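Below: the structure, in structure tokens.
Quick note on labels: first sequence line is chain A, next is B, and so on, each numbered from 1. Predicted model only: the values in this text are computed from it and were never measured.
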Amino acid sequence: MGESPQKTMVIPSRLAEVATVQNAILSDAKDQGYTKEAIFAIQLALDEAVTNAIRHGNKLDDTKNVTVQYTIDDQRISITICDEGEGFDPYEIPDPTLDENLTCPSGRGVMLIQAYMTSVSYNDKGNCLTLVKNKECALPKNSE
Amino acid sequence: MTAKESRLVVREEDGIIKVSFLDRNILEEAYIQQIGDEISALIDDATNPKILLSFASVEHLSSAALGTLITINNKVRQKGGQLRLSNIDPQIYEVFVITKLNKLFQIHEEADAALASFQ
């Protein structure tokens with residue numbers, strides 16, 4: 001099996017564009033025979049990551065773009081999402097599962113991405129996020 | 001922006017407001033805001049709101065949707081009310097477990113058990 005070609009999508013920073021990215025990538029994942037559980041995980045992680053890039057990275061400025069590059073084959077999917085923002089440190093986000101944070105309405109996106117993906121990495125600046133999901137590793141990493 | 005049609009089914013029986021969702025995905029932020037506003041209005045209109053949210057038709061939800069549920073829960077508690085969730089798909093329930101929100105919300109497998117739990 002040869003290396004799968006990389007696909008690139010560039011979207012303006014509008015939240016309605018999140019579905020555009022999801023639809024394209026999930027369609028490819030279904031074509032590759034990914035399970036319902038893996039599709040659920042990819043959809044959830046994509047929703048959180050692209051929404052964060054638009055809202056927190058580019059601050060909803062639709063003159064700025066979010067670039068999504070991905071490769072997918074019958075082993076894994078790798079998705080890199082870059083915004084034009086200043087970047088952030090994911091380790092600075094308070095743990096949303098602590099009792100004192102349970103009633104806080106925000107701050108769960110990053111932990112959900114980490115739970116549902118096989119691996120998650122950031123560039124040094126913190127404005128590019130790479131998500132990898134192995135096809136045969138569908139179950140979330142339960143934080144219990 | 002034109003007025004949007006409700007995306008909820010709301011029925012009130014024996015003082016309990018039963019809410020279910022028309023759509024399979026609770027992902028889009030504008031949609032999440034809309035359902036949050038609609039449920040908040042139901043809470044505002046009730047004295048001691050007893051609300052059951054049924055997720056029977058829901059297949060996906062995002063952290064923004066969880067945030068709205070937390071806001072709804074906070075609002076219900078402020079009014080001395082009670083909130084119950086039911087009929088959550090196992091994959092979505094896993095999201096509640098991972099975020100430990102299963103400790104915050106009273107979640108029941110079936111609506112009947114949820115209804116019986118109201119005090």
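Separating the CG atom in B/Asn25 from the CD atom in A/Gln22 is a distance of 8.0 Å, to the nearest 0.5 Å. To the nearest 0.5 Å, atom OG of residue A/Ser106 and atom CG of residue B/Leu66 are 11.5 Å apart. In this structure, CD on A/Gln43 lies 10.0 Å from OG on B/Ser62, to the nearest 0.5 angstrom. In this structure, B/Leu27 CG and A/Asp47 CG are separated by 4.5 Å, a value rounded to the nearest 0.5 Å.
The 12-atom threshold is exceeded at CG of B/Asn48, counting heavy atoms of other residues, nucleotides or ligands nearer than 6.0 Å. The local environment of CD in B/Gln33 is sparse, with at most 12 non-hydrogen atoms from other residues, nucleotides or ligands closer than 6.0 Å. In the displayed structure, B/Asp14 atom CG is contacted under 6.0 Å by at most 12 heavy atoms of other residues, nucleotides or ligands. The 12-atom threshold is exceeded at CD of B/Glu12, counting heavy atoms of other residues, nucleotides or ligands nearer than 6.0 Å.
When the side chains of ILVMFWY residues are joined at heavy-atom separations under 4.5 Å, either directly or via intervening members, B/Val10 and B/Phe21 end up in a single hydrophobic cluster. Linking ILVMFWY residues whenever their side-chain heavy atoms come closer than 4.5 Å, directly or via other members, leaves B/Leu115 and B/Leu85 in distinct clusters. By the criterion of side-chain heavy atoms lying less than 4.5 angstrom apart, applied directly or through intervening Ile, Leu, Val, Met, Phe, Trp or Tyr residues, B/Tyr93 is grouped together with B/Ile70 in one hydrophobic cluster. Residues A/Val10 and A/Leu46 fall into different hydrophobic clusters, defined by Ile, Leu, Val, Met, Phe, Trp and Tyr side chains chained together at heavy-atom separations under 4.5 Å. By the criterion of side-chain heavy atoms lying less than 4.5 angstrom apart, applied directly or through intervening Ile, Leu, Val, Met, Phe, Trp or Tyr residues, A/Val50 is not grouped with A/Val132; the two fall into different hydrophobic clusters.
With a threshold of 4.5 angstrom between heavy atoms, B/Glu29 approaches chain A through side-chain atoms but not through N, CA, C or O. Neither the backbone nor the side chain of B/Asn73 has a heavy atom closer than 4.5 Å to any heavy atom of chain A. Interface remark: B/Leu61 contributes backbone atoms only to the contact with chain A (heavy atom separation under 4.5 Å). Proximity to chain B (any heavy atom under 4.5 Å) is shown, for A/Leu102, by both the backbone and the side chain.
A pairwise comparison of heavy atoms in A/Phe40 and B/Glu59 identifies CE1-O, 3.3 Å as the closest pair. When all heavy atoms of A/Tyr116 and B/Gln91 are compared, the closest pair comes out as OH-O, 3.8 Å. Among all heavy-atom pairs drawn from A/Leu112 and B/Ser63, the shortest one is CD1-CB, 4.0 Å.
Contact count versus chain A (heavy atoms, under 4.5 Å) is highest, among B/Leu69, B/Leu104, B/Val95, for B/Val95. For the options B/Ile92, B/Thr71, B/Leu101, heavy-atom pairs under 4.5 Å to chain A are most numerous at B/Leu101.
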Just do the side-chain contact (heavy atoms from CB on, under 4.5 Å) check on A/Val18 and B/Glu28 with the steps written out, would you?
CA-CA 8 Å; A/Val18 176; B/Glu28 236 179 84; over 6 Å; no
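Using a cutoff of 4.0 Å between basic side-chain nitrogens and carboxylate oxygens, A/Asp99 and B/Lys103 are scored as salt-bridged.
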